[in-house]
Trainee: 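The structure's right below; bear with me while I get my questions together.
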Amino acid sequence: MRKALKMALGLAGLLAAPAAWAQVQVQLQPLGLETRFDDNVFRLVSEQGRQSDEVDAVSTGVQAQAAFDGFEAQAAYSLNADTYQYYSQLDNFTHDFNFDFSRLSGPFILRYTNDSFFRSSDYYEFDYFDEASLLGLEYDLDPHWSFGLNGEILSRDYYADADYVVSRNFTDDGLAVSAQRVWSESFSAKLEFKYDSRQFNRYAVVSGPVSFSAAPFLQDDATWSADLGFHAYFLKVLQDIHVTASRTDSNSYGFSNSVGSFSWAGVLSPAKDFYLELFFRFYEKDYDVQPIQNQDLLLGFTNDDGQDLLAVKGTLEWAPGWTGNLSVSRFKNESTQPGEYYIKDVISAQILKTF
């Protein structure tokens with residue numbers, strides 16, 4: 001909280017100095033009142049364990065922008081509160097502080113972003129602090145080619161002091177290089193290579209001749225990844241296509257793996273104020289060795305991103321400030337036992353009113 005407070009005070013002083021900034025704009029975010037139904041609020045790895053609930057939420061915030069002589073700065077604060085009708089232990093509040101600073105003149109674009117995200121709840125999975133800092137440099141060679149270099153530092157700290165919760169804390173350092181080619185407003189392609197080094201706050205697990213034991217050093221996962229993405233507007237459908245591949249080498253037993261995926265997302269508007277979103281992803285994950293079948297040591301094996309997914313979402317804006325949507329997704333997810341999978345549908349319905 002101290003970091004976020006210092007950042008907020010510093011931004012307030014920066015944006016309040018009329019001699020330094022030629023333009024300052026402050027805007028309140030609309031107040032949003034939302035109710036939604038989710039048939040899988042816990043996202044358990046067992047079909048029998050799936051639990052449904054109605055969730056009511058409120059959201060609001062404020063945003064400030066300033067510009068001066070080729071520089072731009074933006075500061076924002078967002079507040080969101082979720083209330084569960086049957087599983088009140090899942091109730092949570094979030095505070096999101098974001099700061100973005102850019103130098104836009106010339107062919108080089110320099111950008112710094114910091115985001116501090118506080119989430120509080122009686123449920124330990126919803127009770128943590130995230131911080132992300134990104135420093136990026138983009139070079140626009142001409143209207144068609146651009147190149148980027150980004151460095152990123154992420155961290156998560158859970159507030160609960162139980163060992164199995166503290167072990168989930170991590171730091172993540174990343175470096176990415178990218179090249180983008182724009183042919184027209186309707187078609188572009190981007191290739192990105194990224195390296196991540198993530199260290200968890202838990203002891204690595206080593207394999208011995210007859211047993212497994214915790215090593216006196218923390219688990220460290222190094223991941224190399226490549227992503228080729230296409231952004232197109234074709235047959236009146238806005239489409240994003242991504243082909244990705246990654247390789248993770250871990251010093252902990254059972255966490256080294258290779259991943260390949262193909263995803264397609266499309267958005268179309270068959271009628272005024274009605275939008276239909278379609279998403280498909282095929283995902284394949286191969287472990288070098290079968291992870292340990294021990295619940296205490298499997299932490300981190302179950303991966304919510306490790307799933308084939310087919311999702312459809314319809315959104316209707318039927319009156320000013322009123323939005324409703326219905327989404328259905330069907331996916332295959334990893335269970336806590338290697339080689340065992342399950343198929344299920346997840347249904348979510350939402351009504352949102354903004355003021």
Trainee: Is Asp82 reaching over with its side chain to a backbone N or O of Phe93, donor-acceptor style, under 3.5 angstrom?
Mentor: no
Trainee: According to the interplanar angle, ranging from 0 to 90°, do the rings of Tyr195 and Trp224 count as parallel (below 30°), tilted (30 to 60°) or perpendicular (above 60°)?
Mentor: tilted
Trainee: Could Lys353 and Phe355 be counted as a cation-pi pair, given that NZ or CZ must be under 6.0 Å from the ring centre and within 45° of the axis?
Mentor: yes
Trainee: Flag the pair Tyr123 / Phe126 as yes when their ring centroid distance falls below 6.0 Å, and as no otherwise.
Mentor: yes
Trainee: Show your reasoning for whether salt bridge (charged side-chain N to carboxylate O under 4.0 Å, His left out) applies to Asp130 and Arg156.
Mentor: CA-CA 5 Å; Asp130 281 347; Arg156 170 170 292 186; 2.8 Å; yes
Trainee: Classify the angle between the aromatic ring planes of Phe187 and Trp183 as parallel (below 30°), tilted (30 to 60°) or perpendicular (above 60°).
Mentor: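 It falls in the tilted class, 30° to 60°.
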Trainee: Could you report the tightest heavy-atom contact between Pro30 and Thr354, atom names first, then the distance?
Mentor: CB-CB, 4.1 Å
Trainee: Does the Asn251 side chain pair with the main chain of Leu218, one donor and one acceptor, at a distance under 3.5 Å?
Mentor: yes
Trainee: Would you call the rings of Phe97 and Tyr77 parallel, tilted or perpendicular, where under 30° means parallel and over 60° means perpendicular?
Mentor: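 Tilted.
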Trainee: Please check this pair: side chain of Asn92 against backbone of Leu90, looking for a donor-acceptor N/O pair closer than 3.5 Å.
Mentor: yes
Trainee: Taking Asp142 for its side chain and His144 for its backbone only, find out whether a donor-acceptor pair lies under 3.5 Å.
Mentor: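 Yes, because the side chain of Asp142 sits within donor-acceptor range (under 3.5 Å) of the backbone of His144.
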Trainee: Are Phe101 and Phe71 close enough that their ring centers fall under 6.0 Å?
Mentor: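 Aromatic pair counts; centres sit under 6.0 Å.
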Trainee: Give a yes or no on whether a salt bridge exists between Asp249 and Arg247, defined as a side-chain N under 4.0 angstrom from a carboxylate O.
Mentor: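 Between Arg247 and Asp249 there is a salt bridge, with a charged N closer than 4.0 Å to a carboxylate O.
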Trainee: Please answer whether the main-chain N or O of Ser256 pairs with a side-chain N or O of Thr248 as donor and acceptor at a distance below 3.5 Å.
Mentor: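 Not at all, since once roles are kept as given, no pair shorter than 3.5 Å links the two residues.
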